[in-house]
**Student:** 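Quick one: structure below, then a few questions.
Computed over heavy atoms, backbone and side chain alike; hydrogens, waters and symmetry mates excluded. Just so you know, residue 1 is the first one in the sequence shown, and it goes up from there. Since the structure is predicted, the reported quantities are computational estimates derived from the model, not experimental observations.
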Amino acid sequence: LGQLEGTEINSNNFKIESVKIVKLGNFNKDGHYWPVKVSVRGTCDIWAPRWEGYMASPFDVIRDYMILKDDSDDWKIKLKE
């Protein structure tokens with residue numbers, strides 16, 4: 001997912017509701033990967049200083065990833081930096 005900016009997340013209560021490829025780009029021959037835009041929706045607990053505790057918060061993010069094969073010929077998805 002990358003990072004949800006400016007938040008402290010309780011990873012024990014992190015729920016992904018959907019993952020969807022929004023856009024699939026052309027194969028990058030130099031880097032040996034397919035660029036993709038992925039939408040991830042769900043909920044997670046974030047720190048709420050006002051209540052001095054965690055509260056459930058929905059998220060809906062779109063990030064750029066790369067789909068590629070590793071040295072073992074297994075498929076991987078990696079956050080594009």
**Student:** Answer with yes or no whether the hydrophobic clustering places Ile77 together with Ile62; edges join I, L, V, M, F, W, Y residues whose side-chain heavy atoms lie under 4.5 Å apart.
**Tutor:** no

**Student:** I need the Trp75 CH2 to Ile67 CD1 distance, nearest 0.5 Å.
**Tutor:**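 These two atoms lie 7.5 Å from each other.
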
**Student:** What's the verdict on side chain to side chain contact (heavy atoms under 4.5 Å, CB included) for Ser18 and Ile16, showing C-alpha distance, side-chain angles and the deciding distance?
**Tutor:** CA-CA 6 Å; Ser18 69; Ile16 295 177; 6.0 Å; no

**Student:** Between CZ of Phe59 and CD of Glu17, what distance do you get to the nearest 0.5 Å?
**Tutor:**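 Phe59 atom CZ to Glu17 atom CD measures 7.5 Å (nearest 0.5 Å).
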
**Student:** Show the atom names and distances, to 0.1 Å, of all donor-acceptor pairs under 3.5 Å that link a side chain in residues 24-43 to residues at least two apart or in another chain.
**Tutor:**
from	atom 1	to	atom 2	distance (Å)
Asn28	OD1	Asp30	N	3.1
Asn28	OD1	Gly31	N	2.7
Asn28	ND2	Tyr33	OH	3.2
His32	ND1	Lys29	O	3.4
Lys37	NZ	Asp64	OD1	2.7

**Student:** Would you say the side chain of Lys69 lies within less than 4.5 Å of the side chain of Asp74, judging by non-hydrogen atoms?
**Tutor:** no

**Student:** Minimum heavy-atom separation for Ala56 and Asp45, please, with both atom names.
**Tutor:** CA-OD1, 3.5 Å

**Student:** Heavy-atom distance under 4.5 Å between the side chains of Lys80 and Tyr65, does that happen here?
**Tutor:** no

